[in-house]
Amino acid sequence: MGVGGFICDCGGTRRERLRIEELAEFAHTIEGVEGVQVQPRLCGKAGQERIVSGIREIGVDRVVVVGCSPDILEGTIREALETEGLNQYLWAVANVREQCAWVHEDQDAATEKAKGLIAAAVARVKLLEPIARKEVAVTPRVLVIGGGLAGLETSRVLGDLGCAVTLVEREKRLGGQLRNISYLYEEDLNPEDLVRGLVDRVTEHASVTVRTSTEVAKVGGQIGRFRVALSNGNGAQTVDFGAIVAATGAEAVSPVGEYELPSDRFTTLLALQKMIRSREKLPRRIALILDMDQEDGSVLTGVALRTAVAIRERSPSEVYLLCRNMRVAGDGLESLYASAREMGVVVFKMEEQPEIALGDYTAVFSFKDVLSGSKVRLECDLAAFSERVGPNGDLERLGELMGIRFGPEGFLQDDNVWQFPTDSNRKGIFLAGACRGLMDVQGTLVDAQAAAVKAYELLAGGKWIFDADKAEVDPDKCVLCLTCVRSCPMRAIEVDWEREVARVMEEACDGCGICGAEGPATAMELRGVTDAQVRAEVGEMREL
């Protein structure tokens, strides 16, 4: 058997820049190509059926598709090969859309370049070897780290799905930062009721084991078979888990002490909320301050607006809100802002940090109001600053134990938070809630549910199935320099001390190829992208 070529003319649009029939004739002349077909479209279900039909007609076991980006065509090609009982990795794409038709106005030049790309793809695909699909057994138990809102919701969902869960919280009580909040800007949610309800459901759940005053001391192993040491001060116990969900939350710190201001006139938003809830008599003039050192996000804006509304609902106090920008891009925030204004809350927009002075019994803020353009001197009896919210104090230690990369602000999520919302850089370890960035209650609940589903999907079948398109070690070349061990972002490489060579744990490898690029002895290669395959491909492209 040999190579089958399939050329897509994209509904005729590609013919404006490429001579398609000439490309087909050229492909026929390449050694190893058994047949070539020109098709109107090769993406989607229809394209898959055309490739299946062509494989049967030509009689080949590997294919080269001449079309657009591999990102678009990969799923279609792999499903077509699988339909015919062929290995899903025996294919290559010659991208003549982005790399030819879209960048060359001259048809002759574009066609010649396309020929080179086709020859390169054929050279590579002829050297490809079948890649197997493998599986490993998984431990049917999930470790949830953190007993705040995200950890509680993750544990509840997993428990309801029938998964065994161990919830670990380093404090004596569950509930996390939500216990310090008196009012949520989502008016239909009461923080006290929310915490109490979740704690009751989780602690009474038959599938959930709760361990308070306990922290993670060590994390070993890989996806499906993590070994975690849990310490409660009386020694450590090692427990096996199939997946881990980090839900350690964020930490709110008062900035008042740093400004060296008297506590009788300065406080924080959350402390002010407790004053309101306790029915203390409130001062006549209250200022709420956002964006002092840096611009606060929509979550803290919501806290400030909800606090302002709560003050006006319970007292005749004058309320002023100072900010650089009013961020209301969240569910219900714009209507909350409108309600605050209707209730008499005065909003000032500042360009810079205000000057702060002390009166006899007051705090005085001086700043330029952007909207009016005038200099404002605001005297108030009490000023409440927004808390500084950052990573949990234990997050750095925990992230290093798990081998999780940090983002620029010190949270655990360093990748695309929209495309990979709950994924970490390590397979089998998921992230939920504010440990990957500040978010509101509704966002935290959704995040926790998503992380729980990802963990459940991993463990539900009792085994982790994966394609073995991973790095592999040539033991004859390995000099045990440990470069691959240190450079692997997935912690997927360990040392086989008996053989004195590096060993790749395929189930944990992400196939990124960093180990092969960094290793000085060329002992590491990535299946499907070996040195020989790349050299063959580049050799055909050297004239382009």
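In what follows, every heavy atom counts, from backbone to side chain, and hydrogens, waters and symmetry copies are set aside.
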Which residues share a salt bridge (charged side-chain N to carboxylate O under 4.0 Å, His left out) with [X], sequence neighbours left out:
X    : value
R56  : E84
E153 : R156
E21  : R15
E57  : none

State which residues pass side chain to side chain contact (heavy atoms under 4.5 Å, CB included) with [X]; sequence neighbours excluded, sorted by chain then number.
X    : result
Q442 : E186, L189, D440, L445
K477 : D474, T522, A523
A217 : A229, S231
Q88  : R78, E82, R133

Show me the donor-acceptor pairs within less than 3.5 Å that the side chains of residues 122-129 make with the rest of the protein, sequence neighbours left out.
residue	atom	partner	partner atom	Å
R124	NH2	G528	O	2.5
K126	NZ	E31	O	3.0

*Looking only at heavy atoms, which two atoms of R17 and A101 are closest? And how far apart?*
NH1-O, 2.9 Å
*For M439 and A434, which heavy atoms make the closest approach, and how far apart are they?*
CG-N, 4.4 Å
*Selection residues 444-454 - residue pairs positive for salt bridge (charged side-chain N to carboxylate O under 4.0 Å, His left out), sequence neighbours left out*: D423-K454, R436-D447
_Sequence neighbours excluded - salt bridge (charged side-chain N to carboxylate O under 4.0 Å, His left out) pairs with any residue from residues 142-151_ = none
*From L23 atom CG to H28 atom NE2, the distance as rounded to the nearest 0.5 Å*: 12.0 Å
*Residue pairs fulfilling side chain to side chain donor-acceptor pair (under 3.5 Å) with at least one residue in residues 524-535, sequence neighbours excluded*: E472-R527, E506-R527, T530-Q533
